[in-house]
2 protein chains.
Amino acid sequence: MTARPTLERTLELAAFVPFRLNRLAAGTSQYLAIVYQERFGLDIPQWRVMATVGSKQDCTAQYIAASTRMHKTRVSRAIAELEVRQLIERVSSAQDRRERQVRLSKSGRRMYTELLPLALARESSLLECLSPEQLAGFLTGLETLERFLQLED
Amino acid sequence: MTARPTLERTLELAAFVPFRLNRLAAGTSQYLAIVYQERFGLDIPQWRVMATVGSKQDCTAQYIAASTRMHKTRVSRAIAELEVRQLIERVSSAQDRRERQVRLSKSGRRMYTELLPLALARESSLLECLSPEQLAGFLTGLETLERFLQLED
DNA sequence: CACAAATGGTTGCGCTCGCAACCTTATCGG
DNA sequence: CCGATAAGGTTGCGAGCGCAACCATTTGTG
């Protein structure tokens, strides 16, 4: 397991795990972009909002921000644009008139039902490069790192 | 291994691997930022340039861009700022007067020798949350994904 | 009941980044 | 040897983002 003491005087960035994780995330995003960007004209924040609202109707911007871990202004702008494109609708909440319930519109739901299988298939096609054992090992490590960095919900 | 057919009608973003990888990369960057940002006042592009030049003196901006996978304008601006702060020096190449050799200055090398062990220690302290078997499994999956996405050098 | 503090959400502003265009120097082809 | 093309690097510009400030509404407290 070679608990290598950090005595080296130089660093190959290509072997530095934080750098590799950033590179992998960027590569994965690009790999996925084909389905939501080129095909549906969504950017990442919009795609995340669509995915969140699709799985939980009538949620608030706050909920979206919390579950996507995006800044609330980023969420606000994504929602605004999706509303202009009439993919989502907003209704002021009766109990608390500060907040507004967000839901998919008719055409938004149509897009979602078309988009979702493509996104999941794209994820699968990415993970299929791993053997079952590799996948299991990778996901285990991923979970542990998420817990360590307190990234879970 | 449950080759789960993608029949579900909703998607929990929190279970979507591309999203989780983005979140992990962001978390890792922040975890690391303490050493290069708060302590040495470098941002990510500058830190990457320092790391690259530290391990390979007299390289060109082009080389840095290729090995860090950053856009050449991002590299250009990071180098410019590091030169203002006198952490690196540039000399026009004799053979090809378009390019300029980049190297660490005296104070730049001082910073590098102080920064490098801290960065490596920070990486270790992150990876120590994984058991040796988890680490090995995670790195194996990471490598395979990198190859699949053609992210290696 | 009134006023302070907190909360959901939006917006102005400055910063960073990538794209395209550009400048300079090298290289290639006739 | 000259003109076209390419290559190393920089810069103007627009888009996206986070921070801080803000508006509207609600909740807490004397």
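On the nucleic acid side, DNA chain D contacts chain A at distances under 4.0 Å to non-hydrogen atoms, with the end points of that region at dC17(D) to dT26(D).
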Let me see the working for Leu104(B) and Met50(B) under side-chain contact (heavy atoms from CB on, under 4.5 Å), right down to the final yes or no. CA-CA 8 Å; Leu104(B) 292 178; Met50(B) 289 292 290; 3.9 Å; yes
Determine, step by step, whether Tyr36(B) and Ile44(B) satisfy the side-chain contact (heavy atoms from CB on, under 4.5 Å) criterion, reporting the C-alpha distance in whole Å, the side-chain angles of both residues, the deciding distance to 0.1 Å, and the verdict. CA-CA 8 Å; Tyr36(B) 58 73; Ile44(B) 291 182; 3.0 Å; yes
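Considering Gln37(B), Glu81(B), Met111(B) as possible partners of Leu42(B), the one that fulfils the side chain to side chain contact (heavy atoms under 4.5 Å, CB included) test is Met111(B). Of the options Arg103(A), Arg100(A), Arg90(A), a salt bridge (charged side-chain N to carboxylate O under 4.0 Å, His left out) to Asp58(A) is made by Arg103(A) and by none of the others.
When the nearest nucleotides of DNA chain C are assigned to Thr73(B) and Tyr63(A) by heavy-atom distance, the more 5′-ward of the two goes with Tyr63(A). Judged by closest nucleotide on DNA chain D, Arg100(B) is the one of Asp43(A) and Arg100(B) placed further toward the 5' end. Of the two residues contacting DNA chain D, namely Arg74(A) and His71(B), the nearest-nucleotide position lying further toward the 5' end is that of His71(B).
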Going 5' to 3' along nucleotides 22-29 of chain C, which nucleotides have protein heavy atoms under 4.0 Å from the base (write B), which only from the sugar-phosphate (write S), and which from neither (write -)? --BBS---
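Thr52(A) places a side-chain N or O within 3.5 Å of a backbone atom of Arg48(A) that can act as its donor or acceptor partner.
Among the protein residues, Arg77(B) comes within range of the nucleic acid bases, having at least one heavy atom under 4.0 Å from a base atom.
Atom C1' of nucleotide dC17(C) and atom CD of Gln30(A) are separated by 16 Å, given to the nearest angstrom. Between Asn22(A) atom CG and dC17(C) atom C1' there is a gap of 15 Å when expressed in whole angstrom units.
Within 6.0 Å of the CD atom in Gln150(A), the count of heavy atoms belonging to other residues, nucleotides or ligands does not exceed 12. The number of heavy-atom neighbours closer than 6.0 Å to CD of Gln30(B), taken from other residues, nucleotides and ligands shown, is 12 or below.
Note: Tyr31(B) and Phe148(A) have perpendicular aromatic rings, judged against thresholds of 30 and 60 degrees for the angle between ring planes.
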